Amino acid sequence: MKTIIEPFKIKTVEPIRFTNRIERQKILKRVGYNLFNLHSDDVLIDLLTDSGTSAMSAKQWAGIIEGDEAYAGSRSFYRFERVVRNTTGFRHIIPTHQGRAAEKILFSIMGGEGKVVPNNTHFDTTRANVEMSGAEAVDLPVAEGVVPSLKADFKGNMDLEALKVFIQQNGSHRIPLCMITVTNNSAGGQPVSMENIRRTAEICHLNGIPFFLDACRFAENAYFIKIREKGYGNMSVREIARKMFSYADGCTMSGKKDALVNIGGFLAVNDDELAQQARNILVVTEGFPTYGGLAGHDLEALAQGLEEVLEEDYLKYRIRSVTYVGEKLIQLGVPIFQPPGGHAIYLDAKDFLPHIPPAAYPGQALACELYLHGGIRSCEIGSVMFGKTHTETGTFKPARMELLRLAIPRRVYTQSHMDYVVECVGEVFKKRKSLHGMRIISESPVLRHFTAQFEPL
Ligand SMILES: *Cc1c(COP(=O)(O)O)cnc(C)c1O
């Protein structure tokens with residue numbers, strides 16, 4: 001088989017800045033060992049997130065010029081609406097400035113005190129929006145989904161038996177909706193099978209519970225279904241995506257992932273009454289229904305991005321280039337969440353640094369060392385993000401897993417950038433015994449990972 005190459009050539013370049021270890025040591029101290037506080041000019045390879053970091057195509061930039069900035073009835077809105085409707089099949093398409101704005105609107109209508117919301121795994125902003133409404137967010141991933149070393153095709157799946165028990169125990173009246181996140185970002189970027197989506201929807205609908213997709217990486221998920229699930233090899237990714245959406249009553253979407261844009265998102269629903277309520281909130285918090293929280297030109301770029309993301313050459317390259325990094329790291333003996341996910345490689349920090357207990361944040365320690373060593377910025381997805389320290393008793397509840405995510409921006413880095421990343425991780429792995437844990441010295445009550453300050457132990 002020949003090398004799978006980037007299905008594009010580079011038209012515009014952006015220089016990156018080199019720093020040395022001594023400079024980075026000072027910088028780390030200054031930012032309280034929180035990589036969210038870094039200036040991006042001080043980062044060489046930025047793998048903090050794949051969100052909003054995509055390189056847009058020439059056609060998307062052309063759309064930025066073409067954008068119709070009419071306050072109401074913008075031509076760009078109608079193009080956006082047509083593309084989203086063609087892709088998802090949903091009736092009402094509501095543009096928002098990003099995914100969490102769609103979540104905020106959805107959960108302020110459907111959430112509330114006493115309610116419980118199941119999800120294969122809530123993303124951090126989804127959980128925060130469920131909890132801010134007063135409801136409880138519950139994760140029901142399949143058992144194999146939380147064992148990093150175990151290889152399986154669809155580790156992002158919902159645990160269907162657990163879902164049935166959950167509905168029985170809570171009663172459907174307390175469950176305003178159930179969600180599946182594709183791919184499962186907080187659990188290794190693993191895909192969810194069509195069968196699992198279908199059966200989850202079936203269980204929900206039997207119990208009168210609306211079923212929603214958190215669709216941020218729907219195209220990557222659809223591609224995994226195509227190559228891994230029986231019966232989908234000959235279907236186009238577009239058809240597969242459409243089928244995934246056909247089981248759901250609506251979705252929230254961050255365009256900053258699989259719509260290949262730097263800003264944008266939407267809420268899509270079939271229910272007329274729900275759409276009306278959502279638009280009422282939209283007008284107050286985001287904007288008029290034909291632009292939401294976006295400019296006309298953003299809607300153009302989003303529509304174009306949604307077309308491009310479903311091109312199979314693109315998806316083949318995308319999934320292969322992430323897998324490439326994973327395979328190289330496995331060859332070096334580095335413990336990663338297996339198999340490689342769709343948008344990121346997740347290092348298993350618990351296994352990487354067995355001498356650092358979860359309470360001393362091994363993922364954060366590894367994130368800081370990787371920055372120090374190679375100027376690489378990554379993101380802890382472990383006990384800093386999902387662990388809890390009880391304010392009165394001081395007892396510590398760790399996250400299910402201690403992961404360090406190397407998120408790979410779409411169409412941004414080349415193979416040699418990735419080879420450099422692999423070398424750096426390999427070198428840090430060799431000296432892993434010399435790494436120390438971290439301590440939190442200040443934190444905020446919600447989404448603490450964004451602002452917490454740390455100190456090395
Ligand atoms: C990014 C993301 C969101 C939130 O979207 P934003 O555009 O960042 O607000 C929600 N769910 C998942 C799975 C995500 O990856």
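Keep in mind that what you see is a predicted model, and the values were worked out from it rather than measured. Along the sequence shown, residues carry numbers from 1. We count ligands from 1, going down the list as the structure has it; atoms in each ligand are counted the same way.
When K104, R217, H97, R100 are ranked by how near their heavy atoms come to atom 8 (O) of ligand 1, first place goes to R100. When the heavy-atom distances from atom 7 (O) of ligand 1 to G52, S254, A101 are ranked, the shortest goes to S254.
Polar contact with ligand 1: absent for T181 (N/O pair, distance under 3.5 Å). Among the atoms of K257, some N or O lies under 3.5 angstrom from an N or O of ligand 1. For D214, a nitrogen or oxygen atom sits less than 3.5 Å from a nitrogen or oxygen atom of ligand 1, counting backbone and side chain alike.
In this structure, K257 satisfies the cation-pi test against F123, with its NZ or CZ atom closer than 6.0 Å to the six-membered ring centre and inside 45 degrees of the ring normal.
Looking only at heavy atoms of the protein, atom 10 (C) of ligand 1 is closest to E103 OE2, 3.1 Å. Closest protein heavy atom to atom 4 (C) of ligand 1: T125 OG1, 3.4 Å.
The distance from atom CG of N185 to atom OG1 of T121, rounded to the nearest 0.5 Å, is 9.5 Å.
For C216, the heavy-atom gap to ligand 1 drops under 4.0 angstrom.
Near K256, with a cut-off below 4.0 Å to any heavy atom, the atoms of ligand 1 are 7 (O).
No more than 12 heavy-atom neighbours from other residues, nucleotides or ligands sit within 6.0 angstrom of CZ on R199. Within a 6.0 Å radius of NZ in K104, other residues, nucleotides and ligands contribute 12 heavy atoms or fewer. Within 6.0 Å of CD in E66 there are 12 or fewer heavy atoms belonging to other residues, nucleotides or ligands.
Between F454 and Y361, the two ring planes are perpendicular [angle over 60°; tilted spans 30° to 60°].
E6 places no side-chain N or O within 3.5 Å of a backbone atom of R411 that could act as its donor or acceptor partner.
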